[in-house]
Amino acid sequence: MEILIISGLSGGGKSKAASFLEDIGYYIVDNLPAEMMVKFADFCAASSGRYDRVALVYDVRAGEPFDLLVDTLERLKTTGVNCRMLFLEASTNTIINRYKETRRIHPLASQGLNIEQAIAKERELMQPVRDHADFVLDSSSFSTAKLRSEMLNLFGDQKDRMGLNVNVLSFGFKHGIPIEADLVFDVRFMPNPYYVAELKNKTGLDAEVRDFVLSFQQTHGFLEQLKEMLKFLLPLYKEEGKTVLVIAIGCTGGHHRSVAVAHEISEFIVAEGYPVTENHRDISR
């Protein structure tokens with residue numbers, strides 16, 4: 001059985017870290033007092049494997065001496081439980097900005113301290129906990145994706161590292177830009193098969209339309225530039241920890257040019273070694 005204690009400064013990123021651990025199978029308990037952790041570990045051990053990976057979030061809200069947590073950590077280790085502690089912190093300015101964004105009140109503010117004083121007091125109180133942590137992460141410069149990536153690297157199995165999945169989506173601008181899109185490319189500059197009588201009622205999945213769209217130099221130039229961009233971007237998105245990337249290709253109606261280009265880009269990304277889902281949102285409108 002594995003127990004991970006997540007502690008750290010208020011505003012350091014404990015809640016987000018816990019949510020990422022929950023995604024990979026940890027059972028999360030928030031603000032469990034240290035005195036109850038040993039009993040909870042006994043309960044988990046008797047659960048026939050249902051609670052083999054547990055993360056306990058512990059912070060200043062517990063309202064108890066922090067040496068209790070240190071003593072509990074040592075007691076759990078002596079029972080043979082794989083017990084480790086993660087301590088999350090951030091710079092004072094970062095924590096202040098996070099509290100401004102969420103409009104929450106620091107837990108120590110009730111003691112008549114301003115936010116900066118409360119953060120300093122909490123650092124002092126939690127120093128013994130930090131000193132006993134197995135992992136200390138400063139999340140000051142972490143994006144959400146970076147924090148997720150760190151959680152996977154430290155506590156995830158190989159199966160948890162899903163890699164980057166790419167969704168290539170064609171659409172028509174007259175029906176609106178897909179709100180889920182990460183990257184949007186406009187191909188309305190290409191000659192339009194809609195105005196060719198024999199192609200008007202076909203789609204970009206038909207060979208005749210695809211051949212027409214791909215026959216122009218501007219299409220080739222665009223595709224060459226886009227493929228080079230994707231060769232540069234995809235590894236960076238993967239390294240940053242992004243698991244789903246939505247690339248939207250748009251033309252006027254979403255029937256011809258965007259469909260043909262999206263199909264071409266999908267085949268390129270597959271050849272680059274990434275799993276791809278190809279969708280054509282407006283092809284039947």
Side-chain angles (χ1 to χ4, degrees), residues 16 19-20 23 101 142-149 152 160-285:
K16 284 191 175 182
S19 68
F20 295 139
D23 290 342
E101 289 172 1
F142 283 8
S143 63
T144 299
K146 178 63 174 175
L147 179 59
R148 178 185 181 279
S149 178
L152 289 178
D160 299 319
R161 297 173 176 83
M162 296 179 292
L164 178 64
N165 294 270
V166 183
N167 181 7
V168 181
L169 174 68
S170 72
F171 72 97
F173 276 96
K174 71 178 183 180
H175 302 298
I177 298 175
I179 60 173
E180 69 271 29
D182 296 298
L183 302 173
V184 178
F185 297 97
D186 183 352
V187 298
R188 288 176 292 184
F189 65 88
M190 298 176 183
N192 195 347
Y194 180 84
Y195 298 108
V196 179
E198 60 268 27
L199 301 179
K200 179 178 180 178
N201 295 320
K202 296 182 182 293
T203 75
L205 295 178
D206 293 307
E208 302 94 320
V209 174
R210 188 163 59 250
D211 291 344
F212 177 86
V213 173
L214 297 179
S215 67
F216 295 92
Q217 184 56 45
Q218 55 262 51
T219 303
H220 282 285
F222 171 79
L223 287 172
E224 287 176 6
Q225 298 287 339
L226 180 54
K227 289 175 181 178
E228 284 300 313
M229 179 186 294
L230 293 175
K231 285 179 71 173
F232 172 75
L233 289 176
L234 294 179
L236 297 179
Y237 280 121
K238 183 177 180 180
E239 181 181 342
E240 182 65 14
K242 193 171 183 63
T243 56
V244 178
L245 179 71
V246 181
I247 301 173
I249 311 291
C251 63
T252 303
H255 292 174
H256 301 101
R257 295 165 291 181
S258 62
V259 174
V261 172
H263 182 72
E264 184 76 10
I265 290 301
S266 294
E267 291 187 336
F268 167 77
I269 295 173
V270 168
E272 289 293 303
Y274 297 90
V276 174
T277 302
E278 181 181 338
N279 291 296
H280 304 290
R281 190 190 71 178
D282 301 323
I283 196 170
S284 61
R285 289 198 181 191

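Numbers here simply count residues along the sequence, with the first being 1. Just so it is clear, the model here is predicted, and its values are computed rather than measured.
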**Nearest non-hydrogen partners of Asp282 and Gly172, listed with the distance** = OD2-N, 2.7 Å

**Asked** Do you know the tightest heavy-atom contact between Ser258 and Ile249?
**Response** CB-O, 3.2 Å

**Request:** Give the C-alpha distance, both sets of side-chain angles, the deciding distance and a yes or no for salt bridge (Lys or Arg N to Asp or Glu O under 4.0 Å) between Arg148 and Asp23.
**Result:** CA-CA 10 Å; Arg148 178 185 181 279; Asp23 290 342; 5.5 Å; no

**Prompt:** For the side-chain contact (heavy atoms from CB on, under 4.5 Å) test, which of Thr277, Ile247, Ile265, Val270 pairs with Val166?
**Reply:** Ile247

**Message:** I'd like to know if the side chain of His263 pairs up with that of Arg210 as donor and acceptor (distance under 3.5 Å, no hydrogens or angles considered).
**Reply:** no

**Prompt:** Which pair of non-hydrogen atoms, one from Gln218 and one from Phe189, has the smallest distance, and what is that distance?
**Reply:** O-CE1, 4.0 Å

**Complete:** What one should report as the nearest heavy-atom pair of Val168 and Ala262 is CG1-O, 3.5 Å

**Item:** Crowding at CD1, Ile179 (>12 non-hydrogen neighbours, <6.0 Å)
**Value:** no

**Message:** Working to the nearest 0.5 angstrom, can you tell me the gap between Ile269 CD1 and Leu230 CG?
**Reply:** 5.0 Å

**Pair Leu152-Phe20, side-chain contact (heavy atoms from CB on, under 4.5 Å): steps then yes or no** = CA-CA 8 Å; Leu152 289 178; Phe20 295 139; over 6 Å; no

**Request:** Apply the test side-chain contact (heavy atoms from CB on, under 4.5 Å) to residues Leu169 and Glu180: give CA-CA distance (whole Å), side-chain angles for both, the deciding distance (0.1 Å), then the verdict.
**Result:** CA-CA 10 Å; Leu169 174 68; Glu180 69 271 29; 3.6 Å; yes

**Message:** Looking at Glu198, I want to see if its CD is surrounded by more than 12 non-hydrogen atoms of other residues, nucleotides or ligands under 6.0 Å.
**Reply:** yes

**Message:** Would the distance check show the side chain of His256 and the main-chain N or O of Lys202 forming a donor-acceptor pair, the cut-off being under 3.5 Å?
**Reply:** yes

**Request:** Calculate, to the nearest 0.5 Å, the distance between atoms OG1 and NE2 belonging to Thr203 and His280 respectively.
**Result:** 8.0 Å

**Prompt:** Would you say the side chain of Ile283 lies within less than 4.5 Å of the side chain of Ser170, judging by non-hydrogen atoms?
**Reply:** no

**Prompt:** Where the side chain of Asp182 meets the backbone of Val246, is there a donor-acceptor pair that is under 3.5 Å apart?
**Reply:** yes

**Prompt:** Heavy-atom distance under 4.5 Å between the side chains of Leu183 and Leu233, does that happen here?
**Reply:** yes

**Complete:** Closest non-hydrogen atoms of Leu205 and Glu278, given as atom of the first, atom of the second and distance, are CD2-OE2, 4.1 Å

**Message:** I'd like to know whether NZ of Lys227 has more than 12 heavy-atom contacts from other residues, nucleotides or ligands below 6.0 angstrom.
**Reply:** yes

**Complete:** Looking only at heavy atoms, the pair that brings Asn192 and Phe212 closest together is C-CE2, 4.1 Å

**Request:** Test Lys16 against Phe142 for side-chain contact (heavy atoms from CB on, under 4.5 Å), laying out the working first.
**Result:** CA-CA 11 Å; Lys16 284 191 175 182; Phe142 283 8; over 6 Å; no

**Request:** Supply the atom-to-atom distance Leu164 CG to Glu239 CD, rounded to the nearest 0.5 angstrom.
**Result:** 12.0 Å

**Asked** Checking Asp211 side chain against Glu208 main chain: does a donor-acceptor pair fall under 3.5 Å?
**Response** no

**Item:** CA sep, side-chain torsions, deciding dist, call: Leu214, Val261, side-chain contact (heavy atoms from CB on, under 4.5 Å)
**Value:** CA-CA 8 Å; Leu214 297 179; Val261 172; 5.5 Å; no

**Asked** Within a radius of less than 6.0 Å around OH of Tyr194, do more than 12 heavy atoms belonging to other residues, nucleotides or ligands occur?
**Response** no

**Asked** Just checking, is any N or O donor in the side chain of Arg257 or Thr252 under 3.5 Å from an acceptor N or O on the other one?
**Response** yes

